Colleague: 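I have a structure here, written as structure tokens, and I will follow up with some questions on it.
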Amino acid sequence: MKLAVVGATGLVGQEILTVLQERNFPFDELYLVASEKSVGQVVSLEGKDYPIRSIAEVCNLAPDIAIFSAGAGTSLEWAPRYAERGTIVIDNSSAWRMDPTKKLIVPEINGHELTIDDRIIANPNCSTIQMVMVLAPLHVKFRLKRVVVSTYQAVTGTGKDAVRQLMDERNNITGPKVYPHPIDFNTLPHIDSFLDNGYTKEEMKIVNETRKILGDNTIGVTATAVRVPTLGGHAESVNAEFYHDFACSEIRAILASTPGVIVQDDPKNNMYPMPINTRGRDEVFVGRIRRDESQPNTVNLWIVADNLRKGAATNAVQIAEFMMERSLVY
């Protein structure tokens, strides 16, 4: 098993390496790829040193699986080249998510769609993953009609430079900025670039990816994505309307029995999901489960997950595990 991690020195790339270790992912050779300026540097993993290689060199080595986390431009250029050599590319960028010829996968929900012919597999947006992990089992039971979501997203979703900006501002240090406004003591209703319809790319990712993963384009989805001054863990306020009525006790029971989901819903004892408690965890946490009293068949949910784990690295590694367990690697 020859495994490659493309973008190994970024926040998600580093988290991928951590997840690989924690889950004892089986590989015989590990190839680490980063930008040209990083080539030749060494990364230590479980007592062994791995040199940073160029993306072209590793392509020629024809790894069995390559997990990409290096941006859409890199993926658009290099994922097809790797796939031509028989490599399974699991891509964390937005490059292939809405490509009708590529599958957008959360293993617990639609992993069964994968076949041995899938050479480029898209990893969904972090905010989408945690939301559909909760909504998918409810959709099966009650059928979703409409979803309204507001996100509260950590700066780690932007990357190392955003973390640096937040910490510089917190320590009264003048430094480079990646956001158009201060982020500390602030919230920015602006994630990714604005589109002609007034929404951001991030918001439309949530809309389109949710429908694709759940396999239902009739679901109404609208989103407002907000950046908040936290380091790790995205939170979402989700209002979900169904075609069929429910009891909140039913929803709690369904989610409590859903693999990868943890219900924390005891507000009288101040028990509800918070980013500070989900960092480093692979599960998606849900609480504040309550009926929307303004209209029928509608529930309010508060969903939190570590955006670098299940929102990116863990989901990508789980896809790789899924392919191996089902002998879909050749």
Side-chain angles (χ1 to χ4, degrees), residues 1-93 95-96 102-107 111 114-124 159-160 280 282 308-330:
M1 166 54 60
K2 296 187 293 182
L3 174 68
V5 177
V6 178
T9 58
L11 285 180
V12 175
Q14 292 175 343
E15 202 67 38
I16 289 169
L17 297 179
T18 299
V19 173
L20 290 169
Q21 292 178 79
E22 291 178 357
R23 299 175 73 91
N24 295 313
F25 187 90
F27 59 81
D28 301 297
E29 298 288 339
L30 179 63
Y31 308 135
L32 303 185
V33 176
S35 63
E36 289 293 335
K37 65 182 180 182
S38 299
V39 171
Q41 295 179 11
V42 173
V43 173
S44 294
L45 191 67
E46 294 186 319
K48 185 175 179 180
D49 291 339
Y50 296 90
I52 298 294
R53 304 170 185 260
S54 73
I55 195 167
E57 177 188 357
V58 172
C59 184
N60 290 330
L61 292 171
D64 298 292
I65 297 174
I67 302 176
F68 274 49
S69 188
T74 299
S75 294
L76 287 170
E77 179 180 359
W78 285 97
R81 300 188 192 186
Y82 275 65
E84 286 173 2
R85 291 183 169 270
T87 301
I88 294 171
V89 175
I90 301 166
D91 182 47
N92 267 304
S93 81
W96 306 100
K102 306 295 185 292
K103 290 168 184 172
L104 185 64
I105 297 296
V106 178
L114 292 169
T115 72
I116 199 167
D117 296 321
D118 291 309
R119 297 294 102 182
I120 298 176
I121 303 166
N123 205 44
K160 289 181 177 179
D282 291 327
L308 296 182
R309 300 283 296 205
K310 182 57 179 173
T314 301
N315 198 72
V317 173
Q318 287 177 315
I319 293 172
E321 291 172 339
F322 191 97
M323 297 294 282
M324 291 181 64
E325 289 167 2
R326 286 153 182 79
S327 301
L328 301 179
V329 182
Y330 60 76

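Because the structure is predicted, anything quoted here is derived from the model rather than measured. We're numbering straight along the sequence, starting at 1.
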Colleague: Rounded to the nearest 0.5 Å, how far does CZ of Arg53 lie from SG of Cys59?
Modeller: 13.5 Å

Colleague: Taking Asp64 for the side chain and Lys2 for the main chain, is one N or O donor matched with an acceptor at less than 3.5 Å?
Modeller: yes

Colleague: Please assess Tyr82 against Val58 for the test side-chain contact (heavy atoms from CB on, under 4.5 Å), listing each intermediate value before the final yes or no.
Modeller: CA-CA 9 Å; Tyr82 275 65; Val58 172; 3.5 Å; yes

Colleague: Atom CD of Glu321 and atom CD1 of Ile65: how far apart are they, to the nearest 0.5 Å?
Modeller: 9.5 Å

Colleague: Residues in side-chain hydrogen bond (donor to acceptor under 3.5 Å, both in side chains) with Gln41, at least two apart?
Modeller: none

Colleague: What's the spacing between Lys160 NZ and Leu11 CG if we round to 0.5 Å?
Modeller: 6.0 Å

Colleague: Who passes salt bridge (Lys or Arg N to Asp or Glu O under 4.0 Å) against Arg85, sequence neighbours left out?
Modeller: none

Colleague: For Glu77, enumerate each residue passing the salt bridge (Lys or Arg N to Asp or Glu O under 4.0 Å) test, keeping only those at least two apart in sequence or located in another chain.
Modeller: Arg81

Colleague: May I ask you to test the Trp96-Pro80 pair for a side-chain heavy-atom distance under 4.5 Å?
Modeller: yes

Colleague: For the backbone of Ala95 and the side chain of Lys102, can you confirm whether one donor and one acceptor N or O come within less than 3.5 Å of each other?
Modeller: no

Colleague: For residues Thr9 and Gln14, report the shortest heavy-atom separation together with the two atoms involved.
Modeller: O-NE2, 3.3 Å

Colleague: Once you round to the nearest 0.5 Å, how far does CD of Gln318 lie from CZ of Phe25?
Modeller: 11.5 Å

Colleague: Who passes salt bridge (Lys or Arg N to Asp or Glu O under 4.0 Å) against Asp118, sequence neighbours left out?
Modeller: Lys103

Colleague: Just by modelled atom types, is the Ala83 backbone N or O under 3.5 Å from a matching donor or acceptor in the Thr87 side chain?
Modeller: no

Colleague: Can you tell me how far the CZ atom of Phe68 sits from the CH2 atom of Trp78, to the nearest 0.5 Å?
Modeller: 8.5 Å

Colleague: For Asn92 versus Ala312, what's the shortest heavy-atom pair and its separation?
Modeller: OD1-O, 3.6 Å

Colleague: Between the main-chain N or O of Leu76 and the side-chain N or O of Asp91, is there a donor-acceptor pair closer than 3.5 Å?
Modeller: no

Colleague: So, do Ser93 and Thr74 sit near enough that their side-chain heavy atoms are less than 4.5 Å apart?
Modeller: no

Colleague: Under the 3.5 angstrom rule, does the side chain of Asn123 hit a backbone N or O of Ile90 as a donor-acceptor pair?
Modeller: no

Colleague: Do any N or O atoms from the side chain of Thr115 and from the backbone of Asp117 form a donor-acceptor pair under 3.5 angstrom?
Modeller: yes

Colleague: Quick check: does any side chain N or O of Asp28 sit under 3.5 Å from a backbone N or O of Met1, one acting as donor and the other as acceptor?
Modeller: yes

Colleague: I'd like to check Leu20 versus Leu45 (side-chain heavy atoms, cut-off strictly below 4.5 Å). Are they in contact?
Modeller: no

Colleague: Of the options Ile16, Ile88, Val33, which is the one that meets Ile67 in a side chain to side chain contact (heavy atoms under 4.5 Å, CB included)?
Modeller: Ile16

Colleague: Do Leu30 and Glu46 have side chains that get closer than 4.5 Å, going by heavy atoms?
Modeller: no

Colleague: Just verifying a value: how many Å separate Thr314 OG1 and Ile319 CD1, rounded to the nearest 0.5 Å?
Modeller: 11.0 Å

Colleague: Can you name the side-chain hydrogen bond (donor to acceptor under 3.5 Å, both in side chains) partners of Ser327, sequence neighbours left out?
Modeller: none

Colleague: Minimum heavy-atom separation for Leu114 and Met323, please, with both atom names.
Modeller: CD1-SD, 3.7 Å

Colleague: For the residue pair Pro107 and Asn315, establish whether any side-chain heavy-atom pair is separated by less than 4.5 Å.
Modeller: yes

Colleague: Sequence neighbours left out, what passes side-chain hydrogen bond (donor to acceptor under 3.5 Å, both in side chains) with Asp49? Give chain and number order.
Modeller: Ser44

